[in-house]
Amino acid sequence: MTSAFSPACVVDAISISLTLAWSIWLIRRDRFCGFFGLVVTYYTLLIFVFHLGGVFYHQEGFTGKIYEIDEQTFMEVSLYAALFNLNFLSVLSICNTPFVLNRQHIGIDPTLIRNLYFVVFILGAVVYFFEAGTIDYATYVSYRGVAYGWVFMIIGTSTLVMAYLLRSYVFMGIVLLIYTYFCLKTGVRSFLLMPLMPLVLLLLANSDHNLGKKLAVYGGGLLAAALALLLLRSADEIALPEMFLIHGLHVVFYKYTGMDQTTSSPLVGFGTGALNYFLKVDPDSFDPAIHFAQDFFGFITPDGFYHMPFTWYADSFAAHRYLGVLYGGIWALIVRILKWIVSRDPLTLTAFLPQTCWVAFFIIRGAAANATNSITTPLWLSIAIFFFVKLASLGHMRRARQRA
């Protein structure tokens, strides 16, 4: 690479400034939407840093074919990302309301809810301890069955939410320590994302006006997560986490510009993944990230082993070309729907906040299909547990009214 401050970098700098300022404004009004605005800002920053290196050559790992990713592709990526972000933040900002932790009475002892999820989490941790004995990063990525220990751990992550509401810090600490152990054991950084994202949102929630303190906590959490990611990276990985995704983003733009070939629509993949607990559809048919791996390496990957999401700019562009910028608004609506779900009452907050954070983050990362497909089993089991608890809560309140 040769260093140059190109016109694409100018667009990136403007886009970063606008996205960051808008996200900070938004987080003062709505911490939930503002949080994901800040995540988008980070990926925009990565594009800028990548463009500072100048044009580069990409070599397909299995064919040896080499081609240049030039300034024209840089500018296409920069403009596309800027317009996409504009749509995303615009829709998030329309008639938004604060994200407040709903602490209303639920008609049932909340410690019972916490203990229920904690038992599920510990059961999952024990099962996954034995399952993970033969699981490394490559096995984790390519695994197509159901690791039930991981399923129960995802469901049990709801322990964090109820424990936070009850200020049960010992329970929170145990959950975080177990996730950290598996993260270090397998090298899978997603193990840190599952508990940290809902925890950050709980800390940031609009329950008071002390935003400065909360942003300090949020910044400290981000720094800790970034340090952990850096420690877990391989020796040849670029220092900034997720920078490889930006490399792949440019490969996608280069290859799909002017081509008739398209991938599955991200929204179709998102919906199919959510229902795949029942559908049992092979991800090859609806997950663009599998096809991106084939484009990146230049061969048909066996059994979907390689799964390479290259940010939400890539999957929307590959499916719809420049009309894909409209997905900024579509995903903003999805984020707002997710916020509405977890804001209903303490039971929905507890049951679904971890999965909601997971889904929203992986949409931004470019894995909309895998965002839901990867948790389709725990998602539906969480729904079943939620309705069981909800019915118990309603029954308890009905009996209480009758006695009164």
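Just so it is clear, the model here is predicted, and its values are computed rather than measured.
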Q) So, do Thr157 and Tyr117 sit near enough that their side-chain heavy atoms are less than 4.5 Å apart? A) no

Q) If you round to the nearest 0.5 Å, how far is OG of Ser78 from CZ of Phe50? A) 11.0 Å

Q.
Checking Trp331 against Ser316: is there a side-chain donor and acceptor pair closer than 3.5 Å?
A. no

Q) What pair of heavy atoms forms the shortest contact from His291 to Asp284, and how long is it? A) NE2-O, 2.8 Å

Q: Report the C-alpha distance between Thr97 and Asp30 in whole Å, list the side-chain angles of each, state the deciding distance to 0.1 Å, and finish with yes or no for side-chain contact (heavy atoms from CB on, under 4.5 Å).
A: CA-CA 6 Å; Thr97 57; Asp30 177 359; 5.8 Å; no

Q.
Are more than 12 heavy atoms, taken from residues, nucleotides or ligands other than Tyr42, located less than 6.0 Å from that residue's OH atom?
A. yes

(Q) Using the side-chain contact (heavy atoms from CB on, under 4.5 Å) criterion, which residues pair with Val49? Sequence neighbours excluded. (A) Leu45, Leu240, Met243

Q) Closest heavy-atom contact between Trp358 and Met194? A) CE3-CE, 3.3 Å

Q | Exam field: side chain Thr257 to backbone Phe253, donor-acceptor pair closer than 3.5 Å | A | yes

Q. Under 6.0 Å between ring centres, would you say that holds for Tyr164 and Tyr169?
A. no

Q) Are Leu379 and Thr372 close enough that some pair of their side-chain heavy atoms sits under 4.5 Å apart? A) no

Q | Tyr43 and Phe361 aromatic ring geometry - parallel, tilted or perpendicular at 30°/60° bounds | A | tilted

(Q) Using 0.5 Å steps for rounding, measure from the CG atom of Leu18 to the CG atom of Asn85. (A) 8.5 Å

Q: Using modelled atom types only, decide if a donor and an acceptor are shared between the side chain of Ser343 and the backbone of Trp340 within a distance under 3.5 Å.
A: no

Q: Kindly write out the residues that satisfy salt bridge (charged side-chain N to carboxylate O under 4.0 Å, His left out) with Asp345, not counting sequence neighbours, or none if the list is empty.
A: Lys390

Q. Is there a donor-acceptor contact under 3.5 Å from the side chain of Thr19 to the main chain of Thr41?
A. no

(Q) Looking at Phe388, I want to see if its CZ is surrounded by more than 12 non-hydrogen atoms of other residues, nucleotides or ligands under 6.0 Å. (A) no

Q. Is the backbone of Phe296 close enough, under 3.5 Å, to the side chain of His58 for a donor and an acceptor to pair up by distance?
A. yes

Q. Just how far is it from atom OH of Tyr128 to atom CZ of Phe152, taken to the nearest 0.5 Å?
A. 14.0 Å

Q | Main-chain N/O of Met153 paired with Tyr179 side-chain donor or acceptor, under 3.5 Å | A | yes

Q) Taking all non-hydrogen atoms of both residues, which atom of Leu275 and which atom of Thr376 are closest, and how far apart? A) C-OG1, 4.3 Å

Q.
Do Phe270 and Ile363 have side chains that approach each other closer than 4.5 Å (heavy atoms only, starting at C-beta)?
A. yes

**Q.** Check: Ile174 and Thr159 side chains under 4.5 Å, non-hydrogen atoms
**A.** no

(Q) I need the Ile94 CD1 to Cys33 SG distance, nearest 0.5 Å. (A) 11.5 Å

Q. Within the side chain of Arg321, is there an N or O that forms a donor-acceptor pair under 3.5 Å with the backbone of Tyr256?
A. yes

Q: Kindly say whether Arg365 contributes a backbone atom to a donor-acceptor pair with the side chain of Thr311 at under 3.5 angstrom?
A: no

**Q.** Parallel, tilted or perpendicular: rings of Phe292 and Phe310 (30°, 60°)
**A.** parallel

Q) Taking Ser15 for the side chain and Val11 for the main chain, is one N or O donor matched with an acceptor at less than 3.5 Å? A) no

(Q) Run the side chain to side chain donor-acceptor pair (under 3.5 Å) test against Thr356 and tell me which residues pass, sequence neighbours left out. (A) none

Q) Does the side chain of Leu349 reach to within under 4.5 Å of the side chain of Leu165, using non-hydrogen atoms? A) yes

Q.
What I'd like to find out is whether the side chain of Arg336 reaches to under 4.5 Å of the side chain of Leu92, using heavy atoms alone.
A. yes

Q: Give the minimum heavy-atom separation between Trp25 and Ser93, together with the two atoms involved.
A: CZ3-OG, 3.6 Å

Q | Residues Phe88, Phe36; criterion ring-ring contact (aromatic ring centres under 6.0 Å, His included); working and verdict | A | CA-CA 10 Å; Phe88 178 69; Phe36 291 107; 8.3 Å; no

Q. In Å, rounded to the nearest 0.5 Å, how long is the span from CG of Leu202 to CZ of Arg31?
A. 13.0 Å

Q. In Å, rounded to the nearest 0.5 Å, how long is the span from CD1 of Ile155 to CZ of Phe121?
A. 12.0 Å

Q. Should the heavy atoms of other residues, nucleotides or ligands under 6.0 Å from CZ of Phe278 be counted, would the total exceed 12?
A. yes

Q: Would you check if the side chain of Thr350 reaches a backbone N or O of Val161 as a donor-acceptor pair within less than 3.5 Å?
A: no

Q) Which atom names give the shortest non-hydrogen contact between Arg114 and Ser168, and what distance separates them? A) NH1-OG, 2.8 Å

Q.
Under a plain distance cut-off of 3.5 Å, with no hydrogens placed, do Asn373 and Asn276 share a side-chain donor-acceptor pair?
A. yes

**Q.** Evaluation steps, side-chain contact (heavy atoms from CB on, under 4.5 Å), between Val359 and Ile375
**A.** CA-CA 9 Å; Val359 167; Ile375 62 167; 3.8 Å; yes

Q) Do Asp315 and Pro309 have side-chain heavy atoms sitting under 4.5 Å apart? A) no

Q | Stepwise ring-ring contact (aromatic ring centres under 6.0 Å, His included) check, Phe84 with Trp312 | A | CA-CA 9 Å; Phe84 196 105; Trp312 58 0; 4.7 Å; yes

Q | Side chains of Ile69 and Tyr67 in contact at under 4.5 Å (non-hydrogen atoms) | A | yes

Q. Which heavy-atom pair separates Pro354 from Pro198 by the least distance, and what is that distance?
A. CA-CG, 4.1 Å

(Q) If you apply the rule side-chain contact (heavy atoms from CB on, under 4.5 Å), what do you find for Leu166 with Phe171, and how did you get there? (A) CA-CA 10 Å; Leu166 295 172; Phe171 286 83; over 6 Å; no

**Q.** From CA spacing to verdict: side-chain contact (heavy atoms from CB on, under 4.5 Å), Tyr327, Leu323
**A.** CA-CA 8 Å; Tyr327 258 95; Leu323 286 176; over 6 Å; no

Q) Backbone N or O of Phe32 within a donor-acceptor pair of the Lys339 side chain at under 3.5 Å? A) no

